[in-house]
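This report refers to the structure that appears directly beneath it.
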Amino acid sequence: MKQTPKEKIKFLKEVLGTRYPEPRSELLFESPFQLLIATILAAQATDRQVNIITRELFRAAPDAKSLSLLEPESILKLVRSINYCNNKAKNIRSVSIILTGQYAGKVPETREELEKLPGVGRKTANVVLAAAFHQPVMPVDTHVHRVSNRLGLCHTSKVEETEAALIAIIPEPWVVDFHHYLLLHGRYTCKAKKPDCPTCPLATICPSTGKTTS
DNA sequence: AACTCGGGGCA
DNA sequence: TGCCCAGAGTT
């Protein structure tokens, strides 16, 4: 079944949008700062954990300055239930101090500056650039990378090349949703081991259906 | 490239 | 119960 990339993207968005829950909208957060902090906390964690924590955290400290003024112990207490809580408590405190001191409390809008912040790597930086500042960049993690290759949206082992391939075919307003849906699809259906092709709604258009071993 | 961090989701 | 991580930092 032949499809142009644009038609394929539209199809993917419709199918995955009905199968998985709505993405955590950036509108849930009042500012780029809150999105940045929530994204740092989200590494190796689930939506549920992050939502519970950020609700409390942003009530206590809604912006960079107020977070930077909290005692380290208070921050740790607020994030204690999440993975890597010790590192993350330290990181978000450092980030809030850096933003307050060097960026007037605002979040920088370049990947170079974002990646200098502790706890922020390429993927987290790209999430912030795309979701908060609507820049044309695609966040790619292991799930997005694997699923995109299996679906034939790209053919590469390099994350940077997957980013470029995806951003070229996904309309800017859809980038954040796509990241979310491809991630969930990789997590729950298009798994690294034993992908669930029999229940996959994309099996009819996926070049890898039934081909994936181990 | 390999290892660590580390609590929770999922089979 | 045991396996596997919504990555990033260090070696």
Side-chain angles (χ1 to χ4, degrees), chain A residues 12 16-17 19-26 28-29 34-57 72 75-99 107-108 110-132 137-150 156-160 162-163 166 170 174-200 212 214:
Chain A
L12 294 180
L16 296 180
R19 171 169 254 238
Y20 301 108
E22 287 287 310
R24 164 165 55 85
S25 167
E26 68 266 35
L28 278 174
F29 306 109
Q34 294 190 1
L35 174 69
L36 170 63
I37 298 301
T39 309
I40 292 173
L41 295 176
Q44 298 294 111
T46 61
D47 256 357
R48 204 178 104 78
Q49 290 176 295
V50 175
N51 286 337
I52 292 170
I53 284 170
T54 52
R55 198 174 62 230
E56 298 287 326
L57 180 66
I75 300 176
L76 179 58
K77 193 174 181 182
L78 284 164
V79 302
R80 201 192 303 278
S81 65
I82 206 170
N83 296 358
Y84 311 108
C85 59
N86 293 298
N87 288 335
K88 286 172 178 174
K90 202 187 311 173
N91 284 342
I92 64 176
R93 179 166 186 270
S94 299
V95 166
S96 68
I97 291 172
I98 294 171
L99 294 187
V107 177
T110 68
R111 176 156 59 215
E112 191 179 22
E113 290 172 300
L114 283 168
E115 285 190 5
K116 285 180 184 168
L117 302 174
V120 179
R122 186 181 180 92
K123 195 250 179 174
T124 301
N126 279 358
V127 169
V128 172
L129 292 175
V137 295
M138 182 72 196
V140 173
D141 55 47
T142 57
H143 291 309
V144 174
H145 192 239
R146 180 182 64 257
V147 173
S148 300
N149 273 286
R150 284 185 181 162
T156 174
S157 61
K158 294 185 177 138
V159 170
E160 291 83 359
T162 298
E163 289 179 6
L166 292 180
I170 299 174
W174 292 1
V175 164
V176 177
D177 284 5
F178 251 86
H179 170 253
H180 176 79
Y181 288 134
L182 291 180
L183 183 54
L184 290 185
H185 194 244
R187 181 87 175 86
Y188 296 113
T189 306
C190 195
K191 296 176 286 191
K193 299 177 181 178
K194 299 180 183 174
D196 253 341
C197 296
T199 71
C200 179
T212 310
S214 80

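Order of the sequence lines fixes the chain letters, A, B, ..., with proteins taken first and strands second; residue numbering starts at 1 for each chain.
By the salt bridge (Lys or Arg N to Asp or Glu O under 4.0 Å) test, A:E56 is found to be paired with A:R59, residues two or more places apart in sequence or in another chain being considered.
Using a distance-only test at 3.5 Å, with no hydrogens or angles considered, no donor-acceptor pair links the side chain of A:S148 to the main chain of A:H145.
Closest approach of A:R111 and A:V137 over heavy atoms only: NH1-CG1, 4.4 Å. Closest approach of A:V127 and A:P139 over heavy atoms only: CG2-CB, 3.6 Å. Heavy-atom minimum distance, A:I40 versus A:K88: O-CE, 3.6 Å.
Residues A:L114 and A:T124 have side chains not in contact (no heavy-atom distance under 4.5 Å, counting atoms from C-beta outward).
At whole-Å resolution of the value, NZ in A:K193 and C1' in C:dC5 are 11 Å apart. Between the P atom of B:dA11 and the NZ atom of A:K191 lies a distance of 6 Å, rounded to the nearest Å. Atom pair A:R187:CZ and C:dC5:P shows a separation of 8 Å (rounding to whole Å applied). In this structure, A:R146 atom CZ and C:dC5 atom C1' are separated by 11 Å, rounded to whole Å. As a whole-Å value, the separation of A:R80 CZ from B:dG6 C1' is 15 Å. In this structure, the OH atom of A:Y84 is 11 Å from the P atom of C:dA8, given to the nearest Å.
Between A:K123 and C:dA8 there is no side-chain polar atom (N or O) within less than 4.0 angstrom of OP1 or OP2. Applying the 4.0 Å criterion to OP1 and OP2 of C:dA6, one finds that A:T142 has a side-chain N or O inside that range. Close to C:dA6, at under 4.0 Å from its OP1 or OP2, lies no side-chain N or O of A:T39. Under 4.0 angstrom from either OP1 or OP2 of C:dC5 there lies no side-chain N or O belonging to A:Q44.
Atom C1' of C:dG2 sits at a distance of 15 Å from the matching atom of B:dG6, rounded to the whole Å. Between the C1' atoms of B:dG8 and C:dG9, the separation comes to 22 Å (whole Å). Here the separation of C:dC5 from B:dC3, taken at their C1' atoms, is 15 Å to the nearest Å.
Closest to the side chain of A:N86, from the set B:dG6, B:dG9, C:dA8, is B:dG6. Of the candidates B:dG8, C:dG7, C:dA6, the closest approach to any side-chain atom of A:L183 belongs to C:dA6. In this structure, the nucleotide among C:dC5, C:dG7, B:dG8 sitting nearest to the side chain of A:H143 is C:dC5. Here B:dG9 is the nucleotide among C:dC4, B:dG9, C:dG7 with the atom lying nearest to any side-chain atom of A:T46. Out of B:dC10, C:dA6, C:dG7, the shortest distance to the side chain of A:Y188 is found at B:dC10. The nucleotide whose nearest atom lies closest to any side-chain atom of A:N83 is, among C:dA8, B:dG8, C:dC4, B:dG8.
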Find every protein N or O atom lying less than 3.5 Å from an N or O atom of nucleotides 9-11 of chain C, and list the pairs.
residue : atom : partner : partner atom : Å
C:dG9   : OP1  : A:G119  : N            : 2.7

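The 5' end of DNA chain B is approached more closely, in terms of each residue's nearest nucleotide, by A:C85 than by the other of A:C85 and A:R48.
Ionic pairing of A:R122 and A:E163 is present here: one or more N-O contacts between side-chain nitrogen and carboxylate oxygen are shorter than 4.0 angstrom.
Between the side chain of A:D47 and the base of C:dA6, at least one donor-acceptor pair of N or O atoms lies under 3.5 Å.
Applying the 6.0 Å contact sphere to CD of A:E112 captures no more than 12 heavy atoms from other residues, nucleotides or ligands.
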